[in-house]
Structures are given as structure tokens and as C-alpha cells.
J.: 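Below is a structure I'd like to ask you about.
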Number of protein chains: 2
Amino acid sequence: MASIKDVAAHAGVSVATVSRTLNGHPSVSPGARTRVLAAVEALEYRPNAVARSLRTDQTHTLGLVISDVLNPYFTSLARAVEEEARALGYSVIIGNADERPELQDHHIRTLLDRRIDGLLVSPADGRSPLTLEAVRSPTPVVLVDRWLPGLDVPVVRADGRVAVHDLVAHLHGLGHRRLAIITGPASTTTGSERVSAFRSGLSAFGLPLPEAYIGQGDFQAESGRRAMERFLALPEPPGAVFAADNLMALGALDAIRAHGLRVPEDIALAAFDDIPWFVHTDPPLTAIAQPTDELGRAAVRALIARIEGRPARSVTLPARLVVRRSCGEPAPPAGPEPLTGPAMPAVPAGPVSESGGTQPHGTAGPDPRSTP
Amino acid sequence: MASIKDVAAHAGVSVATVSRTLNGHPSVSPGARTRVLAAVEALEYRPNAVARSLRTDQTHTLGLVISDVLNPYFTSLARAVEEEARALGYSVIIGNADERPELQDHHIRTLLDRRIDGLLVSPADGRSPLTLEAVRSPTPVVLVDRWLPGLDVPVVRADGRVAVHDLVAHLHGLGHRRLAIITGPASTTTGSERVSAFRSGLSAFGLPLPEAYIGQGDFQAESGRRAMERFLALPEPPGAVFAADNLMALGALDAIRAHGLRVPEDIALAAFDDIPWFVHTDPPLTAIAQPTDELGRAAVRALIARIEGRPARSVTLPARLVVRRSCGEPAPPAGPEPLTGPAMPAVPAGPVSESGGTQPHGTAGPDPRSTP
DNA sequence: ACTCTCCATGTAATCGATTCCAATCAGGGC
DNA sequence: GCCCTGATTGGAATCGATTACATGGAGAGT
């Protein structure tokens, strides 16, 4: 592979002139420039990014450590991050933590060793040594989605509290009184926040949240299934279950089906995180949608601001309730829905019903959709 | 950030001794070793991977360019690749081409510039200049999922021909005679292969494949929707549609629903690529499952073999038909299904029905599943 | 015509590691 | 007691770029 020396020799100039030409330095004569460019062409020269990084101490690379690539929410977050980063001249290395703290640490370590310019983390657990080390290190860090209390680091995330309250109101309006939740790990902010928002929503309606109605999950499908199994084994099972992420909702749905029960006739189900598939599940799932793309873009902009020495502020965007049929709402007239995934304006909005029609709130009771 | 020089100074030895200690070179005295290790500890020294790569000409990094991260098939492929690579001491940089050739080229270029040790590509289009350049370059390349005819590069992929034939037999057995397909771009092997397998399956049953029953798609949901729209506008619409990937199936489902039609009563639907969500769509979708994990692992092993100078062979694993209800099969008794995604043994197997029970082949006619 | 600028260019240091080669030192064999 | 061998160790080259500094020459100003 040709190096800058080869190019210099071929063009009859010094390596300095080659470097200057390629980096657009002003004082290079037209003659030298054309000869260099010709040599570059002839030798198919490409600068060695490794050598360049060593010298300039910049890799033009961002690290992104996410909790679980198989979760469509994080996948689309990752896509948005990569998109925005590329637009701004950066590459992204994704590390998948699979919700395992030690894997998360492994990735942070590796990324730091590679001298990435900045790090985006969605911490799988609250207080891993490596996360703290990263924050103390000179490498700029921005947290996405989940954050760590007590650290002075910009956080880009969605606030789901209003949407969770909307959901509780929705369930209450449909006549549900025994509401349960399948949570994520308490060590994640998204885990604990969603429970507390749910609890405060319930208390606004004077409803209790008994311990037995709190299923401990880990954001993976299997844990959602187990939690639902336990709910169903209760002497008095809940009438509605809120899963704190989409994979646990999938697992819960599995468990419900395994028991031969129907949604929403026998039990209502709703999820945090909206994904395109929820439109086509049986039944379509009511969910809380996060502005994924906006979050990813904002996170990258904040990180690059810090890399370039500009100040970066935390960003919080609202999440939004998307009502479908899984809680007992009468089926809206079938109509096309955009395929680009859950639409999500950056401005706050109240709960929306899928079809865009007005939402007949308060129409309680099971929905007899089985009559065609 | 502490460098090897700082460590050497702190330990009172030369940089050579530090390097030898850290790389496990035998001739380092116990005294020097402990002092070096203590200095490393004290300074929280971490070797600079960039400098190391420059010197050793190894980055211990693989590049993976996939066609679309938002497609669950590629996501799980990427996960398997990362998993296996990590186990073997490599990191992975993922480039998402979004099915756009120019983006694919951008990523290949960037990865090559970073001097990754090897490249895994699932080519978004047949003949991009950068793919060819990569193949000619000294960097080992292995193709995954899709391949490029006429290139001497190892290919790791699934062969779906048998499964497609099984699918046609399944549809035929259920009484379907007007079968249509929504294909991927003809420039991808997976695009053209799936059509030709479908066509040959049809001809085995003496069925035609009229031009109007071939919908041109691009592996994205929106194209699946458009193709289905066109089918439904035909004077004689098909009775069963086979989508060549899961996203186009999602789009097709959208279109069907928008027209107020039901699956499978009004039209049957099947897809290539099985994903966990297909169990819970309405109705559960019959699909052809690829052994994603195995593919990812095999691809990494082949690539690393080439990196280490060993020969690598192409690998072809069988895909498998998973029967659910979307083609009119009577509903199997509800039962739990493993959550780990479509189970996929590496050994060939005939079509399976979801519940694990034997499959009542030949039970033709639309399935009146609406009676609970 | 002389000097002062300024432009174009080259030389060489530098980034942080690895590694070849030579030097030093201790111990064993004679 | 001397030399040889082998274990440790340090010095310095190297990877491929960027860039500070030095230099040479051309053109302008007086």
C-alpha cells in the first residue's frame, strides 16, 4: 500500500508538500499541486488514517455503547446517531452491551483505548467503574436515554412522565382498576423512572400499586414473559399490564398467549417504546413513543459540541402516547399508517389515536372486535 | 494521558522494558516486571491502540458493511458477528448502507482507510467500484448473505431454494393457485435468487408466474406496500403473496389492511427471513428462517482464517420453512414458543409447523380461524 | 542595485508504540 | 582466574502521517 513517501518520490517533491497539498494548505504552487495529485491518482494513494490519528490526536470517530442492539428502539437510535455523525464528518463504532455490565465495560475500555474523540453511552447499569472512568477521562462523554444521577455529564433523553400519566388515564377511562407494571432494572434510570411515573399516575386516580403488581424485569423478552407468568398465577391477576420496554411486552404477549388468554378481552397490555411492528401485532399495541431520531441527532450534536470545546447542554424531549387496541379501545376504522415508524413531532402533543380520528375516551369495557 | 515513556520513567526502566513486560516477552527480570506493573497501576496507563496499530500494522478490527440496520435480520446478523469477533479478540465497526450503493461505498472506503484487518460485506448492489477495490486490496474480504458472481471471494450465506420450494408446496397444498412475489432488487443475489427459486417451485406444480405477479421491491417496507397495492389493483389479484424479505412483508401487510382485507381469508402472505415479531403479528406470519447466528459466526471465522493466512472456504447453510397461519393453515394449538427468536438447527430439516406438532399437509381451503 | 517581504519548499522533530541490535553483567565450566 | 554463554537491558530505528522552522529565490520598494 502506497505511503506518502511513495507519492512524494513519484511527484518529485517532499512529503511535506504532499501533505500540504492534500490538506488544502494555501502555499503550494499550482505545478506541485498537479504533480502531487497525479501521483496520488497513479498510485491510488489513500492516507493512512491510523498514522494521521497518531499525529493529530483525533480519530474523527465517536463511540456508541448501547444496551441492546436487538431492541428496535436502540437500533433506530443507533441509526440516527450514525446518520448525524456521518453528516458531520465522524464515524461511529457501536458497542452492544446486551444489558450486561461487564460487556458494557469491555466496550468502553476498548473504545477509550482506541482514542475515539467522544463517547455516547446508554448505561446498562448505574455505576460501573468504567463509566465513571470515562467521565473522568479527557474524552467527552454524553449520555443517551439512560443517565447516571450525580454526574456532571450532558444527558439526552425523552421524558415519558406525561405520556405515562396519559396512559394511566387511558386505562382508567376504559374501566381498568387493577394495573400492573413490568419494570426494567432499578439500576437504570429508565427502569426506575417509569415505575415512579406509573405509580404517581395511579395515585392521581386513587389507585394502589401493590408489590405483587410490580414485576421485576431486565428489558429482555424472557423476563417479560416470566413477570407475566407470575401475574397470571396470582389469585387476582391484574386487568392491565404496562411493560417498560418493547421486548418485555413481546415476552408478556407470549405468556398471555401461552395461557390461552386474549388481549385486550382478558388482559390489557401497553408498552414503553413504540416500534413499527406494534401496528401489526395481534392486537395492535398501545405504546409510548419516543422521538428516537431526534434523540440520536441531539446526542451527536451535543457530543461534537463538547469535542470542539463548545459547551453542551442536556436535552429532554417529550414522549407521547399512541393509542391502539391492546387496552380495549374500540378498533379505529382501518386506515393506512405511515411506514416510517412511529411518527414523532419534536413538539409536545397529547395522546393520539392511531387512525388520526378523535378518540372516544371513556368507552369502557372489552372490545368485541371478533365480529367481522 | 500517560504514555509508555511516563511509565518507563516512573519505573526507572526503558520503554523497551515496559513494552516487553506488557507483551509478555520472556526476558524481563521479576524486579523490573513488578516495578513496571506498579507504574502502570499508579499512572493508570493504557496502551494507545492507535500507536500500536501504526507500528504492528494490525488493528484487531473487522469491518462489517450491512445493507440495512433497521432490518431485524441484519441486526441479528450483526450481533452474531460482533459476538464471535469479540470472542476471538477482534472489534467490529458496523457500516449501515441503508440499501444505498453510495453509502456502502462510503463505508468501505472509510473502513479501508482505517486499515481494518478484514472486511465483511453484504453488498447492497451488484457491482460497486469500491467493493471491487476492496476485493483487489490486500485486506481480506468475505461476503455475507449476498454475493457477487464471478469474484473469487469466500461467501457465507443461506440457501433458501429448498425452503422456497417447500413454501410453494405448502401454498399449493392449501389450494392456492395464483401466487405472486415481491422481489428485492435484481442487482442483489438474494433478490434474483428468491425469484428464480420461486419460479422453479411454481413450475414444478405447473403454475405460471405472470409478469404482473412479480412486484419489484427494494427490501424496504414502503416498496412492499406499493407492490401489494399494485397487486390488489389487478383485475385478478393473486391469492397468495411471497415477500422476499421481512420489511416488504410488513409493508404488504399494511397495504392489505388499508384495503380492509384479511389475511389469510382474502389473501395469503409469507415472507423470507423469520423474525421474533412474526409470531405475534395478526395473523402470525409463515416465513423462511435463516440460521442467522450460524451465518454470522461462520463469516467471522472465515474472515479471521484469511487474516491469519489460513485458507477459507465458502459456507452455505440451509434455510427452513416455518409454517404459521398467514397462508390459511389451520391454527395449531396455542403453545409457548421459545423467545430466543426463530430456532434454527444447523442441520437441514423439512418444513416445520410452529407448535412442533406434525403438519397436516394437504388440508386445503381457506381457514375459518375466526371461530374461536 | 540593495534590502525587505513573502511565497514555496524541504528538513527534521514528533506522536506512542514495537523490536532489532548491541552492550552489560552474572554465573558456570575449565 | 578467564572466557563463554545466556539473560537483561537500553538505544535507536521504524511505522506514516503533520507541522514548526529554516532556507532559497523572486518580486517590490526606495
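Each chain gets a letter, A, B and so on, in the order the sequences are listed, and its residues count up from 1.
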J.: Give a yes/no answer on whether the side chain of B:Ser27 brings an N or O atom under 4.0 Å of OP1 or OP2 in D:dT8.
T.: no
J.: Specify the residues of residues 42-63 of chain B, ordered by number, for which at least one heavy atom lies under 4.0 angstrom from an atom of DNA chain D.
T.: B:Leu54, B:Arg55
J.: Is A:Asp57 atom CG crowded by more than 12 heavy atoms from other residues, nucleotides or ligands, each under 6.0 Å away?
T.: no
J.: Does D:dT18 have OP1 or OP2 sitting under 4.0 Å from an N or O in the side chain of A:Ser19?
T.: yes
J.: With rounding to the nearest 0.5 angstrom, report the CG to CZ distance, B:Leu143 to B:Arg157.
T.: 11.0 Å
J.: For DNA chain C, note the earliest and the latest nucleotide, 5' to 3', having some atom under 4.0 Å of a heavy atom belonging to chain A.
T.: C:dA8 to C:dG16
J.: Rounded to the nearest 0.5 Å, how far apart are CZ of A:Phe219 and OG1 of A:Thr190?
T.: 3.5 Å
J.: Name the residue closer to the 5' end of DNA chain D, choosing between B:Arg33 and A:Ala16 according to the nucleotide with the nearest heavy atom.
T.: B:Arg33
J.: Which pairs of donor and acceptor atoms, one on a side chain in residues 305-312 of chain A, lie under 3.5 Å apart (sequence neighbours left out)?
T.:
residue	atom	partner	partner atom	Å
A:Arg306	NH1	A:Val141	O	3.0
A:Glu308	OE1	A:Arg310	NH2	2.6

J.: Please check this pair: side chain of A:Asp117 against backbone of A:Leu62, looking for a donor-acceptor N/O pair closer than 3.5 Å.
T.: no
J.: Whole angstrom is fine here: how far is it from CD1 in B:Ile4 over to P in D:dG11?
T.: 14 Å
J.: Salt-bridged, B:Arg146 to B:Glu99, with N to O below 4.0 Å?
T.: yes
J.: May I ask you to verify if any side-chain N or O of B:Thr17 is less than 4.0 angstrom from the OP1 or OP2 atom of D:dT8?
T.: no
J.: Please report the shortest heavy-atom distance between A:Gly12 and A:Arg35, naming the atom on each side.
T.: O-NH1, 4.1 Å
J.: Once you round to the nearest 0.5 Å, how far does CG of B:Asn48 lie from OG of A:Ser53?
T.: 9.5 Å
